Amino acid sequence: MPFRFLKYIQPTNYFSLPVDKHHTVFPIVETINESIKSFLNTDEKFKSERAKAYDLSWQAVQLGYIGNAKTYTSFEPLPLEDEYRFIKKYYNSIWVFYILILRLISFKNPIKNISAFLKSRTTKRSNYLNHPIAYKEWDNFESQLLRDKPLVSIIIPTLNRYQYLKDVLKDLEQQDYKNIEVIVIDQSLPFNEAFFNEFNLKLTVKYQEERALWLARNTAIKLSKGELLLLFDDDSRVEPNWITDHLKCLDFFNADISSGVSISVVGDKVPQHYSFFRRADQLDTGNVLLKKSIFREIGLFDRQFEKQRMGDGEFGLRSHINGFLNISNPYAKRLHLKVGSGGLREMGSWDSFRTKKWLDPRPIPSVLYLYRKYYGNYKSKLELLKTVPASIMPYRFKGNKFYMIIGAFISLFILPVILIQVVKSWKLASKKLKEGSLIESLN
């Protein structure tokens with residue numbers, strides 16, 4: 001990452017890892033065309049010229065730059081004052097204090113760090129996300145891909161959700177893009193084969209006795225006839241132009257993956273950082289269109305995540321480091337109902353960090369398996385330090401800064417229990433790492 005201090009608050013971000021082993025996603029701003037540069041703002045208050053350049057590069061990626069400019073292959077150290085200034089400029093002030101405390105307790109030079117921290121105290125929070133890069137050609141773009149009408153294979157695993165699956169399939173009947181097949185891997189008990197007879201769709205239904213989400217998706221991928229795969233959930237609602245907007249995105253950006261966005265309440269706004277086109281740092285298998293050729297090159301979903309969490313995150317990361325372009329697509333929206341029964345909830349783990357019992361592993365072992373496999377033990381520990389205290393509070397308070405702080409204080413009082421939970425998770429993740437990936441090839 002351009003700024004070293006990002007490792008404290010984003011230790012497991014996709015963009016901290018190189019693409020194709022040698023270059024980053026961050027463009028050298030001098031090689032970007034002038035129309036893109038107009039969206040970026042040079043900050044003259046940085047002490048070093050290098051920090052000014054890195055800041056512009058970081059802005060470009062965050063604001064939606066998607067292009068072929070030359071990118072950095074590595075980053076040089078910056079003055080501490082510039083590091084503190086950057087964090088305070090783009091993140092809540094609490095993170096600046098958090099970083100200072102971490103550095104002091106890890107025996108970094110206290111005089112230099114406190115001095116740099118104080119020099120950054122007048123830095124004002126940027127509102128840069130209010131002015132993302134605009135892709136004005138999108139509205140009038142005539143997609144050759146849409147004219148070619150390739151077969152799109154829509155993949156839906158389901159488990160005891162016929163009530164919601166009915167609406168899902170009805171929405172697919174109403175799509176304005178018609179060249180589709182729908183593959184449902186049904187793990188419900190009892191299995192209701194007759195349920196599927198009422199839909200006017202090219203529908204393939206396969207019953208899977210084993211309740212296993214990633215096995216279900218892998219099985220459907222093998223069954224699919226299309227070269228474009230649209231992964232979907234059984235508790236979602238979409239508009240008639242959903243498939244069209246996914247296809248148009250692939251064509252417009254010459255991308256490999258179109259990652260749609262999700263809202264959980266009708267009428268909700270899309271979160272600001274997902275409200276415009278940008279290079280995606282996530283992949284959600286409930287709403288993503290991708291080329292089948294990706295699976296042929298890097299393999300199917302890793303079954304080490306079975307009945308646990310972040311299998312889609314691992315595949316998204318694997319795609320990223322292998323050079324596949326993933327676009328966050330604000331037009332391909334879905335309403336994710338997040339119903340309280342069925343699905344992954346019945347398989348074991350729904351939340352990555354919140355446990356059902358006091359002495360259950362925290363986080364879910366597959367989370368640490370992912371972190372340690374790709375980012376190493378040091379960054380994994382930084383991620384635990386950042387996320388575990390906040391996870392003490394119930395899920396409904398997730399994202400609430402006040403309750404995150406409360407969670408951190410509570411963590412201090414129940415520290416022995418938390419340590420037991422984390423050690424359990426670490427040991428189970430070690431077993432997964434020793435066993436290795438369970439990634440099957442696609443012929």
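All of these numbers come straight from a predicted model, not from anything done at the bench. The chain is numbered in sequence order, starting from 1.
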**Study point:** Within 6.0 Å of NZ in K88, more than 12 heavy atoms from elsewhere
**Key:** yes

Review point. Should the heavy atoms of other residues, nucleotides or ligands under 6.0 Å from CD of Q144 be counted, would the total exceed 12?
Key: yes

**Study point:** Check: F141 and C249 side chains under 4.5 Å, non-hydrogen atoms
**Key:** no

Practice item. Given side-chain contact (heavy atoms from CB on, under 4.5 Å), test V184 with F195 step by step and report yes or no. Key: CA-CA 12 Å; V184 178; F195 165 84; over 6 Å; no

Study note, to complete from the structure: When rounded to the nearest 0.5 Å, the distance separating CD1 of I99 from OH of Y91 is 9.0 Å

Review point. For E239, does the CD atom have more than 12 heavy-atom neighbours from other residues, nucleotides or ligands under 6.0 Å away?
Key: no

Review point. Do R85 and K119 touch side chain to side chain, with heavy atoms closer than 4.5 Å?
Key: no

**Study point:** Polar side chain donor-acceptor pair, K292 to S224, under 3.5 angstrom
**Key:** yes

Review point. Would you say the side chain of K47 lies within less than 4.5 Å of the side chain of L78, judging by non-hydrogen atoms?
Key: no

Point to revise | Any K37 side-chain heavy atom under 4.5 Å of V29 side chain | key: yes

Practice item. Could you check if a side-chain atom of Y177 sits within less than 4.5 angstrom of a side-chain atom of W242, using non-hydrogen atoms only? Key: no

Point to revise | Residue pair S437 / K373, side-chain donor-acceptor N/O under 3.5 Å | key: yes

Exercise for review: Would you please test Q175 and D171 for side chain to side chain donor-acceptor pair (under 3.5 Å) and show each step?
Suggested key: CA-CA 7 Å; Q175 290 297 300; D171 283 349; over 6 Å; no

Study note, to complete from the structure: Sorted by chain and residue number, the salt bridge (charged side-chain N to carboxylate O under 4.0 Å, His left out) partners of E210 (sequence neighbours excluded) come out as R303

Review point. Atom CD1 of I183 and atom CG of L231: how far apart are they, to the nearest 0.5 Å?
Key: 10.5 Å

Exercise for review: Could you go through the side-chain contact (heavy atoms from CB on, under 4.5 Å) check for S153 and L229 one step at a time?
Suggested key: CA-CA 5 Å; S153 300; L229 308 178; 3.8 Å; yes

Review point. Would you find more than 12 non-hydrogen atoms of other residues, nucleotides or ligands less than 6.0 Å from K291 atom NZ?
Key: yes

Check your understanding: Which pairs, with at least one residue in residues 317-332 and sequence neighbours excluded, count as a salt bridge (Lys or Arg N to Asp or Glu O under 4.0 Å)?
Key -> E314-R318

Review point. Looking at CG of L159 and CD of Q208, how far apart are the two atoms once the value is rounded to the nearest 0.5 Å?
Key: 10.0 Å

Revision key, fill the gap. With F5 as partner, the option from Y90, F86, Y84 fulfilling ring pair (Phe, Tyr, Trp, His ring centres under 6.0 Å) is Y84

Review point. Will you find, in the side chains of R279 and Y14, an N or O donor that is under 3.5 Å from an N or O acceptor?
Key: no

Exercise for review: Over 60° means perpendicular and under 30° means parallel, so classify the ring planes of F15 and F26, tilted if in between.
Suggested key: perpendicular

Point to revise | Separation between CG of L290 and NE2 of H246, rounded to the nearest 0.5 Å | key: 10.0 Å

Check your understanding: Does D82 reach the side chain of R50, with side-chain heavy atoms less than 4.5 Å apart?
Key -> no

Exercise for review: Measure up the Y72 and F75 rings against each other and bin them: parallel (under 30°), tilted (30 to 60°), perpendicular (over 60°).
Suggested key: tilted

Practice item. Take Q282 and Y274, measure what side chain to side chain donor-acceptor pair (under 3.5 Å) needs, and give me the verdict at the end. Key: CA-CA 11 Å; Q282 55 84 36; Y274 290 133; 4.8 Å; no

**Study point:** Minimum heavy-atom distance T355-R362, with the two atoms named
**Key:** OG1-NH2, 3.6 Å

Check your understanding: Which pair of non-hydrogen atoms, one from Q308 and one from S366, has the smallest distance, and what is that distance?
Key -> OE1-N, 2.8 Å

Check your understanding: Do F324 and E297 have side-chain heavy atoms sitting under 4.5 Å apart?
Key -> yes

Check your understanding: For residues 2-24, which residue pairs qualify under salt bridge (Lys or Arg N to Asp or Glu O under 4.0 Å), counting only residues two or more places apart or in two chains?
Key -> R4-E83

**Study point:** Heavy-atom neighbours of E198 CD exceed 12 at 6.0 Å
**Key:** yes

Point to revise | E44: side chain to side chain donor-acceptor pair (under 3.5 Å) partners, not counting sequence neighbours | key: K52

Check your understanding: So L368 and L384, side-chain contact (heavy atoms from CB on, under 4.5 Å) or not? Walk me through it.
Key -> CA-CA 9 Å; L368 274 177; L384 289 174; 4.0 Å; yes

Practice item. Would you please classify the geometry between the F3 ring and the Y54 ring as parallel, tilted or perpendicular, with 30° and 60° separating the classes? Key: perpendicular

Review point. Are the side chain of E306 and the backbone N or O of L213 linked by a donor-acceptor pair below 3.5 Å?
Key: yes

Review point. Does anything in residues 127-137 pair up under side-chain hydrogen bond (donor to acceptor under 3.5 Å, both in side chains), and if so which pairs, sequence neighbours excluded?
Key: N130-Q272

**Study point:** Spatial distance of atom CH2 (W214) from atom CD1 (I221) [nearest 0.5 Å]
**Key:** 9.5 Å

Revision key, fill the gap. Rounded to the nearest 0.5 angstrom, the CH2-CD1 distance for W95 and I9 is 7.0 Å

Exercise for review: Please examine the side chains of N254 and L325, heavy atoms only from C-beta on, and report whether any two atoms are closer than 4.5 Å.
Suggested key: no

Point to revise | Short side-chain donor-acceptor distance under 3.5 Å, H320 and D281 | key: no

Practice item. For residues W138 and D245, report the shortest heavy-atom separation together with the two atoms involved. Key: CH2-O, 3.9 Å

Review point. By side chain to side chain donor-acceptor pair (under 3.5 Å), which residues pair with Q304, not counting sequence neighbours?
Key: K432, E435

Practice item. Identify which one of D235, D233, D234, D186 satisfies the side chain to side chain donor-acceptor pair (under 3.5 Å) criterion when paired with T158. Key: D234

Exercise for review: Using distance alone, with no hydrogens and no angle criterion, decide if S262 and N287 have a side-chain donor and acceptor under 3.5 Å apart.
Suggested key: no

